[in-house]
2 protein chains.
Amino acid sequence: MPNAPDVLFKTLADPTRRAIFERLCREGEKTVGALTEQAGVSQPVVSKHLGVLKQAGLVRDRHEGRHTHYSAQLDALFPLVDWTRQMAGFWQSRFDDLEDLLKRMDQ
Amino acid sequence: MPNAPDVLFKTLADPTRRAIFERLCREGEKTVGALTEQAGVSQPVVSKHLGVLKQAGLVRDRHEGRHTHYSAQLDALFPLVDWTRQMAGFWQSRFDDLEDLLKRMDQ
DNA sequence: ATTACATATAGCCATACAGGTATGTATTGA
DNA sequence: TCAATACATACCTGTATGGCTATATGTAAT
């Protein structure tokens, strides 16, 4: 049972795949063909990466005739932000604990 | 030439390794032995993961006799925060562009 | 109907890597 | 000095997966 951060880290760990996602963030909706032109890999590979991104909720697809338009779903990144915040939070609270300890020792 | 987000995503993509890092964030400095007890994998595997985390700058080690204490280096997460912010920023600016366009069309 | 085009799927291959066991290297203690 | 402990390294193995080509599917155009 992979949790949200797990899926996100795994999905974004591949440079090619992350580059596709970044481009969708920067430039908005794009077709598979347009993405393939700059991806440096074959069209089937791009399709596969888009499938993984979609599975992770990071992109949406919209069919229009024989074209498929993909766009980034930014809210899917929230678990990542949340995870980072948690890590920072743990860090901070341990720091607070230390401060508390030092204060108590000071008395 | 892997950039910072690349290394971080790759390093944190493995659940076992990320769990080790999370534990160091939550509970602070720990020895390899202590980490191994709860990691669910053998000691050599834990050592290897710690090596990867260290390579990524996510942990520091401190030698004390025959013990090695590892601790999380939270600032190493910054490129991740930065990357997320960038993605959100692109999204936002494209949104602003759209708003601008609509405003111009409104006139 | 037929052809061209856009994308998805299937199947294959090579490589990366997480995990294991065995062993090496230091350091402590008897 | 010798045994025990703590960790790191070496080496092997199985599996996951990113890449490819070939092909299927579905849509537009002629």
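Quick caveat: nothing in here was measured; it's all calculated off a predicted structure. Residue numbers begin at 1 in each chain, while the letters A, B, ... track the order of the sequences.
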Can Asn3(B) and Trp83(B) be said to form a side chain to side chain contact (heavy atoms under 4.5 Å, CB included), step by step?
CA-CA 11 Å; Asn3(B) 49 15; Trp83(B) 180 88; over 6 Å; no
Distance-only, no hydrogens or angles: does the Arg18(A) side chain make a donor-acceptor pair with backbone N or O of Leu12(A) under 3.5 Å?
yes
On DNA chain D, nearest-nucleotide positions of Lys10(A) versus Arg66(A): which is more 5'?
Lys10(A)
DNA chain D: first to last nucleotide in contact with chain B (atom under 4.0 angstrom from a heavy atom), 5' to 3', is dA4(D) to dT9(D)
Distance check, rounded to the nearest 0.5 Å: Phe78(A) atom CZ versus Leu8(A) atom CG?
12.0 Å
Using a strict heavy-atom distance below 4.0 Å, which residues from residues 40-62 of chain A are in contact with DNA chain C?
Gln43(A), Pro44(A), Ser47(A)
With sequence neighbours left out, what residues match Asp61(A) under side chain to side chain contact (heavy atoms under 4.5 Å, CB included)?
Lys54(A), His63(A), Thr68(A), Tyr70(A)
Please output the side-chain donor-acceptor pairs of residues 31-43 of chain A that fall under 3.5 Å, not counting sequence neighbours, one pair per line with the distance.
unit_1: Thr31(A); atom_1: OG1; unit_2: Ala34(A); atom_2: N; d: 3.1
unit_1: Thr36(A); atom_1: OG1; unit_2: Val32(A); atom_2: O; d: 2.7
unit_1: Gln43(A); atom_1: NE2; unit_2: Ser47(A); atom_2: OG; d: 3.1

May I ask you to check whether over 12 heavy atoms, not counting those of Arg23(B), lie within 6.0 Å of atom CZ?
yes
Does the side chain of Leu77(B) reach to within under 4.5 Å of the side chain of Phe21(B), using non-hydrogen atoms?
yes
Extract, from 5' to 3' on DNA chain C, the first and final nucleotides lying under 4.0 angstrom from some heavy atom of chain B.
dA18(C) to dT28(C)
Partners passing salt bridge (Lys or Arg N to Asp or Glu O under 4.0 Å) against Arg62(A) (at least two apart in sequence or in another chain):
Glu29(A), Glu64(A)
